[in-house]
Amino acid sequence: MFLLRKYGFYFLLFGVLSDFLTPYVLGFFFPKLNQLKMVISLFGEVGSPVRQSFLLWSVVSGTFFVLAVPALYQQFTATSRPLAILLSAAVGLYGLGDCIFTGLFSVETGEATWNFSTWVHNIGSGLGYAGFLLFPLFLILLYQKQGALSQVQLYSFLFGLSILVAGIYGLARIPALSHRPLFNLLGFWQRLSFFFNYLPLAVLALQKIKSGT
């Protein structure tokens with residue numbers, strides 16, 4: 001546990017880099033997949049030439065996030081134990097629900113009905129993404145309690161950007177809008193949304209690694 005607390009923010013940074021870079025690295029081996037229009041989960045579909053690599057690396061990325069949880073909790077529990085739990089749970093849920101479950105419980109979108117694997121995958125993914133999106137909000141509340149105004153402003157700005165782009169991504173998923181200009185670039189908006197979700201995690205990890213705390 002001591003090592004997890006000591007190196008937890010390195011694990012957090014590794015998780016961000018691993019999860020963010022996976023579709024771009026695997027994209028070299030899946031040239032038929034249009035990154036601007038197709039969602040990342042297609043890398044793990046049945047028939048994908050990189051299916052096994054994508055599923056395996058999803059588990060690896062998720063493990064990094066889960067290993068970062070003790071350090072996050074330890075860092076902020078003195079400020080507010082409930083908020084520290086929520087902050088840690090947000091990262092843990094993403095690592096477990098949206099990464100590890102993606103690797104262990106993959107789905108085939110062509111299936112007419114949901115089986116057990118599909119239920120686990122989709123529920124885990126939904127909970128994980130919620131944690132992913134709300135992480136900076138919990139961080140803002142913690143820094144408010146610490147009176148760290150510059151940090152509140154920084155993460156409020158990053159949170160606003162992530163919500164804005166996530167909103168556009170959500171609109172692009174609506175069938176009535178999906179064929180309109182810009183909205184037809186679903187893959188682009190998903191990747192851009194994820195970038196702004198990753199950013200608060202990466203910034204926090206770099207700040208803590210630099211400060212040695």
Side-chain angles (χ1 to χ4, degrees), residues 1-28 35 40 43 53-79 83-103 124-125 127-143 146 148 150-163 165-166 190-213:
M1 187 62 71
F2 170 75
L3 291 177
L4 293 182
R5 291 173 179 173
K6 182 177 180 180
Y7 297 107
F9 288 104
Y10 287 96
F11 289 131
L12 183 61
L13 185 59
F14 292 157
V16 168
L17 293 175
S18 173
D19 203 38
F20 176 70
L21 292 175
T22 294
Y24 303 106
V25 173
L26 294 182
F28 288 110
Q35 300 259 24
I40 294 170
F43 283 104
S53 297
F54 177 76
L55 299 181
L56 173 62
W57 212 251
S58 292
V59 174
V60 172
S61 300
T63 301
F64 282 136
F65 284 116
V66 172
L67 289 175
V69 167
L72 283 165
Y73 176 77
Q74 180 67 25
Q75 182 68 37
F76 293 103
T77 187
T79 301
L83 285 173
I85 291 173
L86 288 173
L87 185 78
S88 305
V91 173
L93 274 175
Y94 179 71
L96 186 63
D98 213 26
C99 296
I100 294 176
F101 281 5
T102 291
S125 183
L127 291 173
Y129 185 73
F132 197 32
L133 195 63
L134 293 174
F135 173 83
L137 175 61
F138 301 137
L139 200 54
I140 291 165
L141 295 174
L142 282 161
Y143 278 126
Q146 291 182 1
S150 62
Q151 297 293 79
V152 170
Q153 292 173 336
L154 171 62
Y155 288 103
S156 294
F157 175 70
L158 296 177
F159 182 53
L161 280 177
S162 69
I163 291 295
V165 182
Q190 182 192 39
R191 287 156 178 78
L192 189 64
S193 176
F194 278 19
F195 172 79
F196 285 115
N197 289 149
Y198 291 124
L199 204 52
L201 292 161
V203 170
L204 178 67
L206 289 170
Q207 285 180 334
K208 296 305 176 184
I209 290 170
K210 183 178 179 180
S211 66
T213 59

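Predicted model, so just to flag it, every value in this text is computed and none were measured.
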Nearest heavy-atom approach of Ser193 to Tyr129 is OG-OH, 3.2 Å
Would you indicate whether Tyr10, at its atom OH, is surrounded by more than 12 heavy atoms from other residues, nucleotides or ligands within a distance under 6.0 Å?
no
Pairing donors with acceptors under 3.5 angstrom, does anything connect the side chains of Asp19 and Tyr94?
yes
Might you point out which heavy atoms bring Gly95 and Val66 nearest each other, and give the distance in Å?
C-CG2, 4.3 Å
Validation row: Tyr73, Ile85 side chains within 4.5 angstrom (heavy atoms):
yes
Does atom OH of Tyr24 have more than 12 heavy-atom neighbours from other groups under 6.0 Å away?
yes
To the nearest 0.5 Å, tell me how far Leu141 CG sits from Tyr155 OH.
14.0 Å
Check Gly103 against Ser58 and note the closest heavy-atom contact, atom names and distance.
N-CB, 4.1 Å
Do Ile100 and Phe65 make a side-chain contact, defined as non-hydrogen atoms from C-beta onward lying under 4.5 Å apart?
no
Do Phe54 and Thr102 have side chains that get closer than 4.5 Å, going by heavy atoms?
yes
Is a side-chain N or O of Tyr7 found less than 3.5 angstrom from the main chain of Leu67, in a donor-acceptor match?
no
With rounding to the nearest 0.5 Å, note down the distance linking CZ in Phe196 to CG in Leu158.
8.5 Å
Side-chain (Gln146) to main-chain (Thr79) donor-acceptor, under 3.5 angstrom:
no
N/O donor-acceptor pair under 3.5 Å between Gln151 side chain and Leu142 backbone:
no
Tell me whether the count of non-hydrogen atoms from other residues, nucleotides or ligands lying under 6.0 Å of CZ in Phe14 goes above 12.
no
Does any part of the side chain of Trp57, heavy atoms only, come nearer than 4.5 Å to the side chain of Leu26, both counted from C-beta?
no
Looking only at heavy atoms, what is the nearest atom pair of Leu12 and Leu201, with distance?
CD2-O, 3.7 Å
Within the distance-only criterion (no hydrogens, no angle test), does the side chain of Ser162 pair as donor or acceptor with the backbone N or O of Phe159 below 3.5 angstrom?
yes
Could you check if a side-chain atom of Leu13 sits within less than 4.5 angstrom of a side-chain atom of Phe9, using non-hydrogen atoms only?
no
Heavy atoms of Ala90 and Gly131 approach each other most closely as CB-O, 3.4 Å
Could you check whether Tyr198 and Phe132 have their ring centres less than 6.0 Å apart?
yes
Is the shortest side-chain heavy-atom distance between Leu204 and Leu72 below 4.5 Å?
yes
Which residue, Leu83, Leu86, Leu139, forms the side chain to side chain contact (heavy atoms under 4.5 Å, CB included) with Phe76?
Leu139
Using a 3.5 Å distance criterion without hydrogens, assess whether the side chain of Thr77 forms a donor-acceptor pair with backbone atoms of Ala84.
no
Taking all atoms of both residues into account, what is the closest heavy-atom pair of Asn197 and Pro200, and its distance?
O-CD, 3.3 Å
Non-hydrogen side-chain atoms of Phe20 and Phe194 separated by less than 4.5 Å
no
Side-chain touch Pro23/Phe43, heavy atoms, less than 4.5 angstrom
yes
